[in-house]
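Everything below concerns the one structure shown next.
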Amino acid sequence: MGTRQTFDDGYHPDDDRPSVTIEIDGQPSNQPAPVATSVARSSGPIDRTRLLALTALAGLVGVALIAIGTTRGSSASQAAPSTTTASTVVERVGPTPEPEVPIIDQLPTTPIDMIDNIVIAWVDDRRRLSVQHLSTGEDLGVSRLAKTNLPPLPERIHLIGAENSTWLIDLLEPENSGELSNTVRMVRLGQDLDSYAFISSNPGEDTEFFVGSLWGPSMAGTATAPASAAVLTVARRGIVVASQAAESSVLLGDGLDPLPTRLGRIVAASPSLVAGIFCDDLGRCSGRVAGWDGSNEVEIWADALGSPVVRISPDERYVLAAGGDTWTLYDLESGSRVSWTTAIRANDTLTWSPDSRSVFWIDDTDVLAHSIVTEPRQMSRVRQAGSLGDRLPGSDVALFLLEQ
């Protein structure tokens, strides 16, 4: 019989225990590292059997690892196509824009000391006279028709007019105030309490002027003016007529008398003063302020006097011109001039306050005030004007100091 050779023929007792390493080809990089199994060397048949068992066990572990890696890879590859990334579209919503506030609504309220004890009067488009406290809008309670013993009219009576019509205002007895004439506009002249000018105009026709008493106009001293001429009435003084040919005249009682040519076209008038623009043949223009007879002439800047609205203050110290958003104030006493701009434009209802410190006018919706003389020049809102109604075309807007 031959010699029986052991399984571990190359075994050397002095060597360290060897490791049996199982390497798995194609293992993904994220899989566990190769498994190393240490097998203890022993002599005899049991060692061989144990080695074979351990080797088989290691093989099974490797197969299991391969199966797990394959399953994971397959699951990942199958899941990838069905995986979707949820994308939420977020709409950018800016802040809600603030509603635009009208400029008039941004104005401060007029200080009470500017409007206390003042009444405003005008005639609406239904020919109704309105006389109200400026501060509260409270109506003074006038009648439909004037109630007074005529003639003569007391000194305290005020007259305001529109085209071919006249209203009487009695501030001491408001219930007597009302319409005085629906055929002519009347202006009280200064020479006599019972002396009046009567104005009759028709579209496209000459304007006719008569002078007389309330007993009736006299046919003597009548005059006419072109329909295109501007007619400026001044209570207790007379009438100024300015033609487009830059020629001006005054009516004081006996007819139209020409004003000095150098005064040019009159654009504003007060009881003692007239303001006009004169232009020479070369187109050079100058502004002039003088008495009704041309005396005491003062030259001022002409540009502003071409504005749509020009007013002389009741104390006759200031001339105010308002055109567009530009305002210009002349101080006739000091000879100074100042201009500024505002966001709200005035219109032909503009009138000075009785104290010559500020002006008032009626916008489409509000009664507005503008402090003119004092600094700062502050525009303010008196109140809504809806109760006044729409103005009768050509109607005067007048401010009066309420008599106590």
Run the salt-bridge test on [X] and [Y] with the 4.0 Å N-O cut-off and return the result as yes or no.
X	Y	result
Arg391	Asp348	yes
Arg265	Glu247	no
Asp105	Arg381	yes
Asp396	Arg185	yes
Arg156	Asp170	yes

In Å, rounded to the nearest 0.5 Å, how long is the span from [atom1] of [X] to [atom2] of [Y]?
X	Y	atom1	atom2	value
Ile118	Phe360	CD1	CZ	5.0 Å
Asp390	Arg126	CG	CZ	11.0 Å
Arg127	Asp125	CZ	CG	11.0 Å
Ser177	Leu159	OG	CG	10.5 Å

**Message:** Counting only heavy atoms not in Gln106 (residues, nucleotides, ligands), do more than 12 fall under 6.0 Å from its CD?
**Reply:** yes

**Asked** Quick check: are there more than 12 heavy atoms from other residues, nucleotides or ligands sitting under 6.0 Å from CZ of Arg383?
**Response** yes

**Fill in**
Closest heavy-atom pair, Thr349 versus Trp361, reported as atoms and distance to 0.1 Å, is OG1-CB, 3.3 Å

**Plane angle bin for Trp327 and His370 - parallel if under 30°, tilted between 30 and 60°, otherwise perpendicular** = perpendicular

**Fill in**
The complete set of disulfide bond (SG atoms under 2.5 Å apart) pairs with one or both residues in residues 124-198, sequence neighbours excluded, reads none

If we ignore hydrogens and angles and just use 3.5 Å, is the side chain of [X] paired with the main-chain N or O of [Y] as donor and acceptor?
X	Y	value
Arg288	Arg262	yes
Ser307	Val309	no
Ser248	Gly264	yes
Trp352	Tyr318	no

Using distance alone, with no hydrogens and no angle criterion, decide if [X] and [Y] have a side-chain donor and acceptor under 3.5 Å apart.
X	Y	answer
Thr328	Ser339	yes
Ser181	Thr166	no
Gln132	Ser130	yes
Ser371	Gln378	no
Arg188	Tyr196	yes

Going by heavy atoms in the side chains, are [X] and [Y] under 4.5 Å from each other?
X	Y	answer
Val250	Leu256	no
Phe209	Phe198	no
Glu208	Ile199	no
Arg128	Arg144	yes
Ile300	Val289	yes
Val119	Leu399	no
Val211	Leu252	no
Trp167	Leu145	no

**Request:** Evaluate the salt bridge (Lys or Arg N to Asp or Glu O under 4.0 Å) criterion for residues Arg317 and Asp331: first the C-alpha distance (whole Å), next the side-chain angles of each, then the deciding distance (0.1 Å), finally the verdict.
**Result:** CA-CA 6 Å; Arg317 174 175 174 176; Asp331 186 336; 2.9 Å; yes

**Asked** Can you list every salt bridge (Lys or Arg N to Asp or Glu O under 4.0 Å) pair that touches residues 232-246, not counting sequence neighbours?
**Response** Glu155-Arg236

**Message:** Test side chain to side chain donor-acceptor pair (under 3.5 Å) on Ser380 and Thr110; report intermediate values, then the result.
**Reply:** CA-CA 5 Å; Ser380 58; Thr110 303; 2.7 Å; yes

